[in-house]
K.L.:
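There's a structure below that I have some questions on.
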Amino acid sequence: MAHAGIKTVILLSFVLAVGFLLIILSCALWANWLPLLVALTFVLAPLPNALSASCGGDEFSADYDGPGRSDIGRFITATIVVTGFAFPLVLAHSEVIRPGACVMSIAGGALVYGTILAYSATFKQEDSEFD
Amino acid sequence: MSLPRSNYDPRRVCLNPFPVLNIGKHRRTIGIYLAGGLFALANWTFLDAAILSAHAHPPYDEPQLPAPVHVGFTDWVPGICSLLGMLIINLIDKDRVRGEEGFGDSGAVWRARLILFIGFALMAGGLAGSVTVLVLKYVLEEYAEQYTYYGYANVSQNVALMLSTIVLWISQSVGSEYEYNLSI
């Protein structure tokens with residue numbers, strides 16, 4: 001899918017905007033800006049994978065340290081994603097934020113992260129056969 | 001006469017023709033993701049109890065009745081033990097523990113096994129300690145259900161940390177063989 005057209009870009013940016021809108025609404029409606037951390041969490045989520053992929057060097061130098069680098073990238077990514085879903089739940093459980101804000105920030109975070117995943121899956125580089 | 005290649009060998013009747021390599025690769029990735037998710041889930045379960053305890057308020061019908069118990073430092077100790085154990089277990093080179101490949105002397109294998117044992121002992125100690133805290137601090141005092149939740153969250157934190165370590169260990173030892181074949 002190298003030639004995913006401009007419609008995909010527009011659709012993805014629209015979904016991303018809806019996600020951020022939901023998160024900001026969940027903060028602004030109840031004047032409690034703690035759920036904004038969810039957006040930060042989900043934006044940070046693909047960072048460890050990207051770092052471990054781009055710092056890996058070529059395939060000859062990567063053989064010496066084995067697969068540990070991509071492992072820790074994946075581990076930290078999964079940790080951050082679960083953190084993004086768990087954080088509003090914990091806040092709502094201890095009655096810091098309302099349940100409505102919890103639901104809206106989780107939905108917005110899922111939209112943001114889904115957009116990032118879909119973007120990286122659609123516009124993946126051609127050398128994806130071996131990873 | 002040349003022998004047939006082993007994966008096409010017609011004498012092997014019970015051969016599973018399913019391609020193993022792809023599954024193994026994805027199993028490793030999925031296992032790592034699962035371990036990371038379990039790790040975060042464990043810590044958030046306990047942090048939920050801690051935040052809930054910090055925000056605990058008296059019931060609305062009896063406002064002068066304070067919360068009888070809070071999450072204190074003793075609740076944090078088993079989780080810290082489990083975290084240390086997980087760190088130690090994952091810092092050890094798996095090949096050294098197995099004692100193959102002629103790494104150094106045999107004393108290195110012995111030391112690696114000793115440190116691995118310390119790691120597993122820390123994890124088991126964390127699990128046992130969380131059960132101890134649950135029984136001694138919450139169950140025996142017969143608190144209400146919203147306070148014994150702190151103890152149950154502690155136990156589930158340690159169980160999930162142990163599961164995360166096990167999943168990480170299994171997925172790393174499954175995938176290494178495939179990576180080795182690929183690099184050759």
Side-chain angles (χ1 to χ4, degrees), chain A residues 32 34-35 37-38 41-42 44-49 52-53 56-99 102 106 109-110 113 117 121 128-131, chain B residues 21-22 24-26 28-57 60 71 86-87 90-95 146 149-150 153 157 160-161 164-165 167-169 171-180 182-184:
Chain A
N32 187 349
L34 269 176
L37 286 174
V38 175
T41 309
F42 278 111
L44 283 183
L47 194 62
N49 264 346
S52 64
D58 52 353
E59 49 201 56
F60 300 107
S61 67
D63 280 347
Y64 290 115
D65 357 336
R69 192 188 283 126
S70 62
D71 280 355
I72 196 168
R74 288 182 180 130
F75 188 85
I76 296 175
T77 299
T79 308
I80 292 177
V81 170
V82 174
T83 297
F85 283 111
F87 185 64
L89 286 175
V90 167
L91 285 184
H93 191 194
S94 56
E95 298 176 0
V96 177
I97 62 175
R98 298 296 190 88
C102 165
I106 283 181
Y113 189 60
L117 278 188
S128 62
E129 294 175 19
F130 294 112
D131 63 6
Chain B
L21 294 183
N22 245 341
K25 184 179 75 170
H26 288 298
R28 180 189 178 94
T29 309
I30 290 170
I32 302 269
Y33 278 130
L34 190 66
L38 274 173
F39 179 76
L41 196 68
N43 290 312
W44 277 109
T45 309
F46 178 66
L47 283 178
D48 179 41
I51 296 172
L52 196 64
S53 158
H55 284 266
H57 52 76
Y60 292 114
V71 171
M86 185 175 182
L87 200 63
N90 283 301
L91 280 178
I92 287 187
D93 197 352
K94 310 285 189 298
D95 292 330
Q146 54 170 333
Y149 167 72
Y150 303 156
Q157 177 205 17
L161 275 181
S164 167
T165 310
V167 169
L168 198 58
W169 180 281
S171 59
Q172 277 185 332
S173 55
V174 159
S176 64
E177 212 167 317
Y178 166 66
E179 297 281 341
Y180 192 59
L182 185 70
S183 64
I184 286 178

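Naming: A, B, ... by sequence-line order, numbering from 1 per chain. What you see below is based on every heavy atom in this structure, not just the backbone, and it leaves out hydrogens, waters and symmetry mates.
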K.L.:
State yes or no: are the ring centers of A:Phe85 and B:Trp44 separated by less than 6.0 Å?
P.N.:
no
K.L.:
Distance from A:Arg74 atom CZ to B:Leu34 atom CG, nearest 0.5 Å?
P.N.:
14.0 Å
K.L.:
List the atom of A:Phe75, the atom of B:Ser164, and the distance in Å for their closest heavy-atom pair.
P.N.:
CE1-OG, 4.3 Å
K.L.:
Would you name the heavy atoms of B:Leu52 and A:His93 that are closest together and state the gap between them?
P.N.:
CD1-O, 3.3 Å
K.L.:
Checking B:Leu38 against chain A: side chain, backbone, both or neither under 4.5 Å from a heavy atom?
P.N.:
neither
K.L.:
Ignoring hydrogens, what is the shortest heavy-atom contact between B:Gly37 and A:Ala78? Give both atom names and the distance.
P.N.:
N-CB, 3.6 Å
K.L.:
How far does CG of B:Leu47 sit from OG1 of A:Thr83, to the nearest 0.5 angstrom?
P.N.:
9.5 Å
K.L.:
What's the spacing between A:Ile72 CD1 and B:Ile32 CD1 if we round to 0.5 Å?
P.N.:
10.0 Å
K.L.:
B:Tyr33 versus chain A, heavy atoms under 4.5 Å apart: side chain, backbone, both or neither?
P.N.:
both
K.L.:
If I compare all heavy atoms of A:Thr79 with all of B:Ala40, which pair ends up nearest, and what's the gap?
P.N.:
O-CB, 3.4 Å
